[in-house]
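Okay, so here's the structure we're looking at.
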Amino acid sequence: TANLPGLVFQFVAMPDGNMNVTFADGRIEEILGLSREKEGLFTQFAEQIHPDFINPFMQSVKDSVKNFTPWSFEGKFNKPSGETIWIRGLSTPFRREPSKVFNGIISDITEHKQAELKIEKLNRLYLVRSNINQSIIKIKEPEKLFNEVCRIAVEDGKFIMAWIGILNSLTNKVEVAASYGKTNGYLDTINIDLNDETRNLGPTGTTIKTGKYNYCKDIENDERMAPWREKAVKLGYRSSISLAIKISGNTYGTVTLYS
């Protein structure tokens with residue numbers, strides 16, 4: 001099995017409904033971080049499936065067992081070490097009676113998946129850029145244009161939420177000019193104030209001050225996001241980026257995107 005692109009396993013579904021992995025080769029420790037010496041290997045494996053994928057995983061197993069059809073699954077797997085990887089599992093029904101037996105292979109596809117997701121993200125960004133440029137040509141009213149830019153970012157770019165903030169030069173605060181997506185009152189109390197050092201350090205405030213794009217990779221743990229963290233995390237915002245809107249070289253506002 002050393003030359004195979006993954007670990008080989010045998011899965012058995014018994015007539016009484018019990019399921020288990022009866023064989024897994026030595027690469028299970030290398031690839032998944034699991035020990036094949038422990039009992040209940042199927043349970044061990046299922047418990048490490050990423051929460052976002054556990055329901056699709058269990059459904060895929062049930063469907064294959066019920067219909068005695070080939071099994072396939074792709075999703076995230078949390079190794080006991082804390083590392084999260086992408087896996088792909090494939091198996092073929094081998095014997096039906098008295099138990100249903102499946103022979104298969106599980107591979108670590110993390111590098112392939114990351115490359116695939118990067119390409120998808122770039123394609124979305126190119127689409128967003130193209131559609132925004134078309135809107136700038138067609139729409140002359142600022143309010144309508146801002147609303148359309150936010151809509152494009154969410155619908156075409158697949159961001160959770162997008163908003164445009166314009167700097168009020170009298171108050172030195174960033175005012176919400178348009179938004180689209182999942183806001184749930186988040187922007188009602190965002191209060192980005194360039195005079196307040198605790199409320200001007202996030203991506204939007206930093207972009208307004210510097211005229212350069214700024215981002216936050218981890219909203220939950222980035223100290224700069226403290227004033228907005230609780231609401232942001234509840235809404236599922238994990239990261240954000242702000243892009244400068246400039247007129248004659250001066251920063252006029254920002255487009256801030258959340259994912």
Side-chain angles (χ1 to χ4, degrees), residues 1-9 11 24-34 44-61 63-64 70-92 103-134 149 152-162 181-182 203 207 212-222 225 232-233 235-243 255-259:
T1 60
N3 295 324
L4 292 172
L7 69 95
V8 174
F9 70 92
F11 168 83
D25 72 45
R27 297 194 67 195
I28 191 169
E29 295 184 16
E30 172 194 342
I31 295 175
L32 302 179
L34 302 179
Q44 279 190 68
F45 178 79
E47 287 176 347
Q48 301 301 134
I49 296 289
H50 190 283
D52 291 348
F53 293 87
I54 186 61
N55 288 337
F57 166 71
M58 292 304 299
Q59 191 61 51
S60 70
V61 173
D63 289 346
S64 290
W71 171 76
S72 65
F73 170 76
E74 186 175 295
K76 289 182 179 179
F77 182 86
N78 296 326
K79 297 173 71 171
S81 64
E83 179 187 5
T84 298
I85 62 173
W86 280 88
I87 61 170
R88 176 180 293 135
L90 301 169
S91 70
T92 303
N103 292 332
I105 188 168
I106 292 176
S107 305
D108 180 345
I109 60 166
T110 304
E111 289 187 10
H112 170 78
K113 194 66 180 180
Q114 288 175 342
E116 181 182 289
L117 293 173
K118 185 176 181 179
I119 292 171
E120 288 180 2
K121 184 176 182 179
L122 288 173
N123 287 339
R124 291 199 305 269
L125 291 176
Y126 284 134
L127 179 61
V128 167
R129 180 180 178 181
S130 174
N131 288 347
I132 287 176
N133 286 339
Q134 291 181 38
V149 166
I152 289 170
V154 173
E155 293 193 356
D156 296 335
K158 306 304 179 185
F159 290 94
I160 297 175
M161 190 269 281
K182 187 178 180 181
T207 296
K212 300 178 180 179
Y213 77 88
N214 192 267
Y215 60 88
C216 170
K217 289 184 178 180
D218 185 358
I219 290 175
E220 189 170 5
N221 296 299
D222 191 325
M225 298 299 291
V233 171
L235 287 169
Y237 304 160
R238 296 178 181 175
S239 61
S240 68
I241 184 170
S242 289
L243 309 170
V255 181
T256 303
L257 312 171
Y258 294 77
S259 59

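FYI, side chains are in, hydrogens and waters are out, and symmetry mates aren't considered; it's all heavy atoms of this structure. Keep in mind that what you see is a predicted model, and the values were worked out from it rather than measured.
The closest side-chain donor-acceptor pair between N103 and T92, if any, does not fall under 3.5 angstrom.
Within the 4.5 Å cutoff, side-chain heavy atoms of I85 are placed close to those of D108. In this structure, S239 and C216 have side chains that are not in contact, with every pair of non-hydrogen atoms separated by 4.5 Å or more. Looking at heavy atoms from C-beta onward, S240 lies out of side-chain contact with L257 at the 4.5 angstrom threshold. Residues Q44 and Q48 are not in side-chain contact: their nearest non-hydrogen atoms beyond the backbone lie 4.5 Å or more apart. Inter-residue side-chain proximity for K121 and K118 is flagged as unmet; no heavy-atom pair is nearer than 4.5 Å. Between D63 and S60, every side-chain heavy-atom pair lies at or beyond the 4.5 Å cut-off. The closest side-chain heavy-atom distance from K113 to R88 is not below 4.5 Å. When side chains are defined from C-beta on, H50 does not count as touching F77, because their heavy atoms never get closer than 4.5 Å.
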T207 and N214: CA distance, side-chain angles, deciding distance, side chain to side chain donor-acceptor pair (under 3.5 Å) verdict:
CA-CA 6 Å; T207 296; N214 192 267; 5.5 Å; no
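None of D52, T110, I87, T84 except one satisfies the side-chain contact (heavy atoms from CB on, under 4.5 Å) rule with K76; the exception is T84.
Atoms CG and CD1, from L235 and I219 in turn, are 10.0 Å apart once rounded to the nearest 0.5 Å. The CD1 atom of I106 lies 5.0 Å from the CG atom of L7; values are rounded to the nearest 0.5 Å. Separating the NZ atom in K182 from the OH atom in Y237 is a distance of 7.5 Å, to the nearest 0.5 Å. Note that CD1 of I49 and CG of N55 are 11.5 Å apart. Values are rounded to the nearest 0.5 Å. Rounding to the nearest 0.5 angstrom, the gap separating the CD1 atom in I152 from the CD1 atom in I132 is 5.5 Å. To the nearest 0.5 Å, atom CD1 of residue I241 and atom CG of residue L243 are 5.0 Å apart.
Shown here is E116, whose CD atom has more than 12 heavy atoms of other residues, nucleotides or ligands within 6.0 Å. The number of heavy atoms from other shown groups lying within 6.0 Å of CZ (R124) is above 12.
In summary, K158 and E120 do not engage in a salt bridge, as defined by a charged side-chain N under 4.0 Å from a carboxylate O.
Listed by first and then second residue, the salt bridge (charged side-chain N to carboxylate O under 4.0 Å, His left out) pairs involving residues 77-87 are K79-E83 (not counting sequence neighbours).
Taking the six-membered ring where the residue is Trp, Y215 and Y213 present parallel rings, their angle staying beneath 30° rather than reaching 60°. In this structure, F73 and F53 have perpendicular ring planes: the angle between them is above 60°, well past the 30° mark.
Of the possible donor and acceptor atoms, one in the side chain of D25 sits under 3.5 Å from a partner among the backbone N and O of V8. Side-chain atoms of N133 come within 3.5 Å of backbone N or O of R129 as a donor-acceptor pair. Listed for the S259 side chain is no donor-acceptor partner under 3.5 Å among the backbone atoms of F159.
Across every non-hydrogen atom of L32 and P80, the tightest pair is O-CD, 3.4 Å. Shortest non-hydrogen contact noted between A162 and A153 is CB-CB, 3.8 Å.
Taking the centre of each ring, F45 and F57 come in below the 6.0 Å mark.
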